[in-house]
Each structure stands twice: as C-alpha cells, then as structure tokens.
Amino acid sequence: MSRYSSCRILVTNITVEETRRLLGSLFDGAFERNTLTVGEMEIEVRRNPGASSGGVEADDSVRWPVQIETETVTPHGETAAVETVSRILESLWGARAQAVAACDFEDELPWRGGIQRLRDSDDG
C-alpha cells in the first residue's frame, strides 16, 4: 500500500449534505449512498463518528462533525491523490468551511493539509 492510497479530511462549518453537494458539483458527479467515484478514486462523505455533540473548538479537528475519506481504487489513482485532495480542500475553504487532512502526503497539500492554515489563523 502506497502513502497515497488514502486520506482522511475532517471538516466543520458545513453539513454532511452541503459537503456532498459541494463535492458533487466540483467533480461533476453524483453520490451513491455516501460515496462519489472520481476517476480512480472514491470519496466518502459521512458524519464523523468521533464528533462531539456540543460545540467544537476550532483547533480540535478530530472532533469536527464531517469526515471525508479518499481511497484509491487502482494503482493509477495514486498519481491523482494529491491533486484530488487539494481540490477538495480548496473547495471547502472557498465555501468558508474549515478542513484539515490527515494522510501520509499532507506535506504535499496546500497549507500542509490545512494544519498550517489553522496555525496561521491562531497567530493573527
């Protein structure tokens, strides 16, 4: 298994349904159940089972309510992983959602997968 085979993105300030609509529009596709197939990758959007029921602190991303999982379905999907996850993150940020990626290639993503974006907002 390659370091590009999967990625988890945690999101807040947007609902699961809004996230599905946003990503469906971004990739011009439709979700079947919780999953959208984009080329050689599958994108699953669902409620984060580790989410808190009360308010969530901005930097407590592991408890944010929306969870996106990306997974390559063929070895060819690994070449598109960085681009696909980058597009997801930038789309979410453009919709004013907060999103942070947790994967083995987050250092290749914009804002280091979003964690640098959170740190920079804490400094300002």
Side-chain angles (χ1 to χ4, degrees):
M1 189 158 81
S2 153
R3 66 183 257 160
Y4 298 100
S5 60
S6 67
C7 187
R8 180 178 184 214
I9 304 167
L10 295 161
V11 188
T12 192
N13 299 338
I14 191 171
T15 67
V16 168
E17 195 52 46
E18 290 168 332
T19 303
R20 286 184 187 142
R21 281 195 301 270
L22 181 72
L23 297 184
S25 177
L26 176 67
F27 293 109
D28 194 28
F31 277 83
E32 290 186 28
R33 298 185 190 203
N34 298 329
T35 304
L36 173 68
T37 301
V38 177
E40 306 292 327
M41 295 187 71
E42 289 184 344
I43 301 168
E44 181 182 12
V45 178
R46 60 186 164 94
R47 186 180 184 290
N48 176 7
S52 65
S53 57
V56 179
E57 295 295 321
D59 61 351
D60 191 12
S61 60
V62 295
R63 298 180 68 187
W64 286 353
V66 179
Q67 177 175 289
I68 302 170
E69 297 275 349
T70 67
E71 184 175 335
T72 58
V73 292
T74 70
H76 302 291
E78 294 173 2
T79 59
V82 173
E83 178 186 349
T84 300
V85 173
S86 294
R87 287 182 68 195
I88 292 169
L89 289 169
E90 289 170 346
S91 179
L92 289 163
W93 297 330
R96 301 197 187 276
Q98 289 188 26
V100 173
C103 47
D104 290 339
F105 57 92
E106 60 197 44
D107 58 316
E108 297 177 53
L109 299 169
W111 295 95
R112 295 186 57 225
I115 197 69
Q116 190 63 49
R117 199 175 149 94
L118 285 179
R119 289 181 182 150
D120 287 354
S121 70
D122 288 344
D123 293 341

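Bear in mind the structure is a predicted one, so any value in this text is a computation, not a measurement.
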Minimum-distance pair of heavy atoms, taken over all atoms of N48 and R8: OD1-NH2, 3.4 Å
Shortest non-hydrogen pair, W64 vs V11, comes out as CB-O, 3.2 Å
Checking the side chain of W93 only, and the main-chain atoms of A99 only, is there a donor and an acceptor separated by less than 3.5 Å? yes
Applying salt bridge (charged side-chain N to carboxylate O under 4.0 Å, His left out), which residue pairs with at least one partner in residues 70-91 are found, sequence neighbours left out? none
Going through the distances and angles, do F27 and I88 end up as a side chain to side chain contact (heavy atoms under 4.5 Å, CB included)? CA-CA 9 Å; F27 293 109; I88 292 169; 3.8 Å; yes
Looking only at heavy atoms, which two atoms of S6 and C103 are closest? And how far apart? O-CB, 3.6 Å
Pair up each side-chain donor or acceptor in residues 16-23 with any protein partner under 3.5 Å, not counting sequence neighbours, and list the distances.
residue	atom	partner	partner atom	Å
E18	OE1	T15	N	2.8
E18	OE1	T15	OG1	3.2
T19	OG1	T15	O	2.7
R20	NE	V45	O	3.3
R20	NH2	N34	OD1	2.7
R20	NH2	V45	O	2.7

How many angstroms lie between atom CG of L36 and atom CG of L26, to the nearest 0.5 angstrom? 9.0 Å
To the nearest 0.5 Å, what is the distance between SG (C7) and CD (E106)? 7.5 Å
Would T35 and E42 count as having a side-chain donor-acceptor pair, cut-off 3.5 Å? no
Not counting sequence neighbours, which residues clear ring-ring contact (aromatic ring centres under 6.0 Å, His included) with F31? List them please. none
Nearest-0.5 Å distance that lies between atom OG in S5 and atom CZ in F105: 8.5 Å
Rounded distance [0.5 Å steps], OG1 in T84 versus CD in E40: 10.5 Å
If you measure from CZ on R46 to CZ on R33, what distance do you get to the nearest 0.5 Å? 14.5 Å
Tell me, yes or no, whether the heavy-atom count around D28 atom CG, taken from other residues, nucleotides or ligands under 6.0 Å, exceeds 12. no
Nearest heavy-atom neighbours spanning L89 and L109: CD1-CD1, 4.1 Å
Any chance you could measure I43, atom CD1, to E69, atom CD, to the nearest 0.5 Å? 11.5 Å
How about Q67 and P49: do any of their side-chain heavy atoms sit closer than 4.5 Å? yes
Between I68 and M41, is there a shared hydrophobic cluster once you connect ILVMFWY residues whose side-chain heavy atoms come closer than 4.5 Å? no
